[in-house]
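Every chain is numbered from 1, with letters handed out A, B, ... down the list of sequences.
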Amino acid sequence: MKRSKVFFYVRHLLELCLDNKLRFFLSVIGLLVGLFVFTTGNILLDSYYNETMKDARQISPGTVALRYEYPERLDEAQIYAKGDAPVTRVIFSEQKSMIYAKRSQNGTLCALSATVAGVSGMEQDIPILSTGGEMLTGACTLLKGRLINGNDVAMRSRVVVIDAFTESLLFPDGNSIGKSITFDVSIPGITTSSTDPNAHQEREVLQCTVVGVISNSYHSDREAMEYQRFSQGADSSVQLESMVYTPLSFVDDAFEPSALKLLIWDGANSPSLKEHLTLYRQQSLKNFPSYDVLDKSAVLAQTITRLAPLKLFLTLMMLLLLFISGINAMNTMFFSIKERIREIGIKKALGATKLDILNQFILEGMMMALIAAVIAVVFSCLTVLFIQGYLNQRLFLLFEVHFTLSNLLLPIFVALLYGFVFSVIPCYYGAMIKVTDSLRFE
Amino acid sequence: MLIELDHIQKTYDGRRYVLNDLSLTAQAGELIIIRGSSGSGKSTLLNLLGLLDVFDGGTYRLQGKEINPRHYNRYAELRSTLIGFIFQSYCLIDSISVQDNILLPFLYSHHPIDGAVLAYLEEILERFHLTPLRHKRVSLLSGGEKQRVAIARAIIKRPPLIIADEPTGNLDEENSQLVVQHLKALTQGGACVVLVTHDKNLLQYGDRTYFLHEGRLTE
């Protein structure tokens, strides 16, 4: 029969750690606070970062978009010639429009403020709004009906494609295909419901037929949350926005188009096209700073650049707090060493080397850091879930929390590193004590 | 010869020599008793013998190997394998059990805790009447029990040299007699025991007795 020395050693360390409960508590709590803030901040920051990048990640790798604000000075024909893939033109209404629909169930009206995006054909990518307010392109999923095509533009059809959230507001029974939506160019207002059928007649300007429903964008999900709160009576009013898609011709006919336009190539040789467009810009459009070539990597880079200072600042603050916790832990380790000088002497008398003593106390420090890290991770997860639940209720929801393996393991790794770093100096002091002096220590 | 001290000198302040031209030899199976007044250097001598402190002059051979005072940091393994210590104040780890205290020396050596060691452990626990106390925390033991644990720890690795510094200093007469009888029994097993004491009643057990005065040993 054999007894494992490793098991004996680990058990020995644990017994020594837990012998003085106050010392143990102070050692753990010192790091726990810093690790808790670090872990919580890391999870929240990562989640916010991922959510902000979500829109950008939805962009197809083969998509290139050209965003500009002075279309009348841009030779679009030349621009079209640069790409080797079909191009979709997108123009937006200058102002938001109020759109109305008659609900079939109870006859009440629903009004929603919307930006109208006129497209030359909705192939795969459509413009969506990012949380930063920038125009981006992202893939859409057709849920019902059909998308707007070139024929609609040619025929100047009065058709519209809406997203699932807009459909739920305007047509709660879910049967929107073939129904009418009324457009009224007005200042963005408040979603209301009115039982006055005459109000519908007075406001009617233009009618379009719903031909398709697409999946929600991230922006739409957020609008849906706000509407849910409004309908639960938590707020007396709510300001909602939507985006609806019509043929280019409809925007030309009915609205004052905004200065912002997009050209989207989908499936093109993106690096080559981007090069052409960028060169074209440098050569001929020096005076047009709004000319911007976007593809997935450019949008990702812009998003990262926007988020980088915040991420850096918050990370530095968390590391600073962790450092302060580590100093506290080191102080507690010094206290522990001082208290156990005699034990060090006994072990040296039994054959322990300085390295053995160093290893023992460093391992103890790392063990307590590990305990602190596990507790911190558990509490952080609970805290983050609580924050998310609280923000959901208040509808200030910024993002969905993501727990990743790296978020949960990073604090463990950091704790072990801190446990090592902040134990080394006190442990070295302990290991260098003379045996005879330490045995005399009371 | 197990121990050979030849003209050993030791000073703490460079002026007064605690040990001055001290010589001592000892072999296996002997119980050497060293007496002396307080401050005569008995503990210093034991620390030198046990490789816990350095000497300033002379030579020291332990089991034929010459000890270099400049390399004391390298003698941890020698301490671990050749020497067992019994201290006056027991020097046990109060927060762990009797059994763990006895096995503690194995953590700092390459020797595994195998079946032979565990069998010897059982024998020691039985011999020193520690079997019912094996899982008890040392802090809960009496002085006599603690000293028996200290002796058990000193002999678990069967070292050829056992150094006992006032092992009966904190014990009553009955327990003192028991401890020294145990130590005498160890010499019969082949170990050499060097014992420092004030107690004249223990002199009868020694094979050789020395008196430490002015840094020298006299028989």
Side-chain angles (χ1 to χ4, degrees), chain A residues 1-25 27 336-337 339-364 367-368 428 430-442, chain B residues 12 43-44 46-48 50-54 72-97 99-119 121-122 137 139 150 153-154 156-157 159 163 165:
Chain A
M1 187 179 68
K2 221 172 164 177
R3 178 170 297 190
S4 165
K5 280 171 78 169
V6 172
F7 174 73
F8 179 31
Y9 188 66
V10 171
R11 188 166 56 78
H12 177 63
L13 286 184
L14 273 172
E15 281 175 343
L16 291 175
C17 278
L18 297 171
D19 175 45
N20 186 330
K21 305 282 188 299
L22 177 63
R23 181 186 72 214
F24 177 75
F25 175 76
S27 300
S336 174
I337 300 277
E339 202 186 42
R340 295 160 68 185
I341 285 179
R342 199 168 146 79
E343 178 194 323
I344 293 170
I346 293 168
K347 288 180 172 173
K348 281 191 167 183
L350 296 178
T353 61
K354 287 176 188 168
L355 190 61
D356 288 326
I357 301 299
L358 200 66
N359 286 343
Q360 177 195 322
F361 283 95
I362 286 177
L363 280 173
E364 278 187 33
M367 198 183 296
M368 285 190 278
Y428 181 77
M432 297 306 288
I433 295 174
K434 280 183 70 175
V435 180
T436 48
D437 293 339
S438 55
L439 287 173
R440 275 198 286 267
F441 192 82
E442 293 293 338
Chain B
Y12 288 109
S43 293
T44 302
L46 291 186
N47 288 339
L48 292 183
L51 304 176
L52 298 179
D53 203 353
V54 298
Y72 258 66
N73 289 333
R74 302 178 192 176
Y75 294 133
E77 189 164 354
L78 273 183
R79 247 195 327 269
S80 168
T81 52
L82 296 181
I83 306 169
F85 288 93
I86 304 166
F87 298 97
Q88 178 181 2
S89 55
Y90 324 122
C91 286
L92 300 170
I93 311 283
D94 286 342
S95 55
I96 60 177
S97 66
Q99 182 168 290
D100 285 349
N101 264 284
I102 296 171
L103 290 174
L104 200 59
F106 286 96
L107 285 184
Y108 306 111
S109 75
H110 298 296
H111 199 294
I113 305 176
D114 54 20
V117 169
L118 294 174
L121 171 68
E122 295 299 324
R137 273 168 66 111
S139 57
R153 184 184 65 188
I156 187 69
K157 294 182 81 181
I163 295 170
D165 188 355

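Of the N and O atoms on the side chains of A/Arg340 and B/Ser95, not one donor lies less than 3.5 Å from an acceptor on the other residue. Donor-acceptor pairing under 3.5 Å is recorded for the side chains of B/Ser109 and B/Lys157.
Distance CD/B/Glu77 to OG1/A/Thr353: 10.0 Å, rounded to 0.5 Å.
For the set B/Pro105, B/Ser97, B/Ala119, the count of heavy-atom pairs under 4.5 angstrom toward chain A peaks at B/Pro105. Ranked by heavy-atom pairs under 4.5 Å with chain B, the list A/Asp19, A/Val435, A/Asp356 is led by A/Asp19.
For B/Phe87, the part lying under 4.5 angstrom from a heavy atom of chain A is the side chain only. For B/Leu92, the part lying near chain A is the backbone, with the side chain staying farther off; criterion is any non-hydrogen pair under 4.5 Å.
B/Asp94 is linked by a salt bridge (Lys or Arg N to Asp or Glu O under 4.0 Å) to nothing, counting only residues two or more places apart in sequence or in another chain.
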